[in-house]
Every structure is written in C-alpha cells, then in structure tokens.
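First the structure, in the form of structure tokens, and then the observations on it.
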Amino acid sequence: MSSEALIIEPPVPADACVIWLHGLGADRYDFVPVVRALELPADHCVRFIFPQAPTRPVTINNGFPMPCWFDILAISPQRVMNTQQLDESVAMVRELVAQQMAQGIAAERIVLAGFSQGGAIVLRAAVDSELPLAGVMALSTYAPTLAEALERHKGPALEVFVAHGEHDDILHANLGREVHDLMAAAGHRCQWHAYAMGHEVCPQEIGDIRQWLSGRLGLR
C-alpha cells in the first residue's frame with residue numbers, strides 16, 4: 001500500500017527493532033534526525049524502520065494530495081476519517097511486525113512508534129496484534145477507533161510512552177491525554193509527558209525517549 005520503507009541497520013546484528021511512522025504530510029525521512037539525536041550506544045543492536053505513507057487526496061486540505069495514513073474527512077465537531085484506509089495502515093504495520101519476527105526479532109524486542117497520524121496507527125496495531133511487544137511510543141497523537149479496539153482485544157499489558165506539546169494547535173493536548181487514559185484504563189502501563197512545545201518534537205522529549213527506549217530494550 002506504500003513505498004518501500006527506509007531501514008537503518010545498527011552497527012551490530014539487530015536483535016531489536018523500532019517501527020516508526022511519520023505524520024500527515026511528512027515522509028519516511030522525517031524522524032531520521034531524531035534517531036541520530038537519541039545518541040544510542042555505539043554498539044547498539046536496534047534496527048529502525050520508517051515506512052512511507054501513500055500519497056493521496058486529503059479532504060480537509062481541499063483534496064490536496066499528500067502522504068497520509070488515512071484521509072481526514074472532517075475535524076468539526078469531531079474528527080471523521082476514512083476507516084478503511086486506517087485499517088489498511090494498521091494491517092501494514094502488523095505485517096512489518098510479522099516480517100521482523102520471521103527474521104528472528106522477538107515480539108518482546110519490537111517497539112512501535114508514531115507521530116500524529118502515525119501514532120494513531122501504531123496504537124491500533126499494537127492493541128490489535130495482541131503480541132507482547134516491547135512498547136509503544138505515541139507522540140503528539142490521538143485515538144480514533146482505539147476505544148473500540150481495546151474493547152475487542154485483550155492482549156498482554158503494554159508499556160506505553162505518551163508525549164504531547166502543551167501548545168499543540170493541530171492536535172490539542174487533551175487528545176494525547178485521552179490516549180494515555182484509555183490505555184491506562186485498559187490495564188496498560190503508561191507514562192505521560194507534556195512539553196512546552198507545539199506539534200513537534202523537542203530536545204527534552206528526545207532525552208525522555210532515549211531513557212524510555214533504553215529501558216525497554218536494555219541498552220546501556
């Protein structure tokens with residue numbers, strides 16, 4: 001459904017993996033600088049995979065085509081999205097997880113990460129998979145269809161890192177907090193991080209991601 005993913009191999013043979021989805025209008029290169037900024041150990045074993053969303057018309061942007069994991073049909077009074085495209089993107093992430101497991105990476109060593117639209121996809125993919133994943137990073141995101149997925153699926157408790165900008169004028173911080181609260185209420189172990197930023201990533205957040213990711217994957 002999308003262009004080939006960008007894969008960054010670690011300095012030593014991979015035994016862990018982070019699958020990281022970009023946001024609306026971005027591309028697979030968007031978070032490559034963040035990986036460098038994480039300053040992981042020189043001998044780390046983490047493969048990073050950055051899928052590329054298909055380019056298609058986005059209704060709320062006057063039909064202008066751009067990379068997106070699903071079309072957004074309306075944002076008022078509530079967000080309305082193309083749920084078929086959302087489901088297709090979720091299936092794509094689950095297939096990437098299956099491919100990594102087939103290559104010898106245990107589910108317990110796979111982290112799903114996503115920013116904005118990408119976060120919505122990885123949350124659903126993690127819940128739907130019912131796998132004991134290493135964790136989920138939900139960055140400046142929201143939770144369409146997540147409540148229903150949590151009702152349908154009762155997989156193992158996940159470690160969830162939820163981060164949001166207090167001044168986000170694209171997705172209000174309340175939407176990120178809703179992600180945290182839904183996951184926590186379903187029994188998942190969640191961290192909430194709020195930063196004095198907009199719809200973006202900041203250095204303090206990168207430091208917190210480094211600490212969380214190192215803990216989840218046993219990095220020195």
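This structure is a prediction, so every number in the text was calculated from the model and none was measured. Sequential numbering from 1 along the given sequence is applied to the chain's residues.
Heavy-atom neighbours of Glu130 CD from other residues, nucleotides or ligands within 6.0 Å: above the threshold of 12. Annotation: Gln103, atom CD; neighbour count of heavy atoms from other residues, nucleotides and ligands within 6.0 Å is above 12.
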Verdict with reasoning, Gln191 to His193, per side-chain hydrogen bond (donor to acceptor under 3.5 Å, both in side chains): CA-CA 7 Å; Gln191 293 184 17; His193 298 265; 2.8 Å; yes
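Residue pairs meeting the ring-ring contact (aromatic ring centres under 6.0 Å, His included) criterion with at least one member in residues 196-220, sequence neighbours excluded: Phe115-His199, Phe161-Trp212. For residues 181-205, the pairs satisfying salt bridge (charged side-chain N to carboxylate O under 4.0 Å, His left out) are Glu159-Arg189, Arg177-Asp181, with sequence neighbours left out.
Partners of Arg152 by side-chain contact (heavy atoms from CB on, under 4.5 Å), not counting sequence neighbours, listed by chain and number: Arg124, Asp128, Glu148, Ala149. The side-chain hydrogen bond (donor to acceptor under 3.5 Å, both in side chains) search around Asn82 returns none, not counting sequence neighbours. Partners of Asp15 by salt bridge (charged side-chain N to carboxylate O under 4.0 Å, His left out), not counting sequence neighbours, listed by chain and number: Arg109.
In plain terms, the two heavy atoms of Val122 and Gly114 that are nearest each other are CG2-N, 3.7 Å. What you find for Ala173 and Glu166 is that their closest heavy atoms are CB-CA, 4.4 Å.
Note on Leu171: it clusters hydrophobically with Trp192, by side-chain heavy-atom contacts below 4.5 Å among ILVMFWY residues. Leu213 and Ile105 end up in different hydrophobic clusters when Ile, Leu, Val, Met, Phe, Trp and Tyr side chains are linked at under 4.5 Å.
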Report, one line per pair, each donor and acceptor closer than 3.5 Å where one atom sits in a side chain of residues 16-27; sequence neighbours left out.
residue, atom, partner, partner atom, Å
His22, NE2, Ala53, N, 3.1
Asp27, OD1, Tyr29, N, 2.9
Asp27, OD1, Asp30, N, 3.4

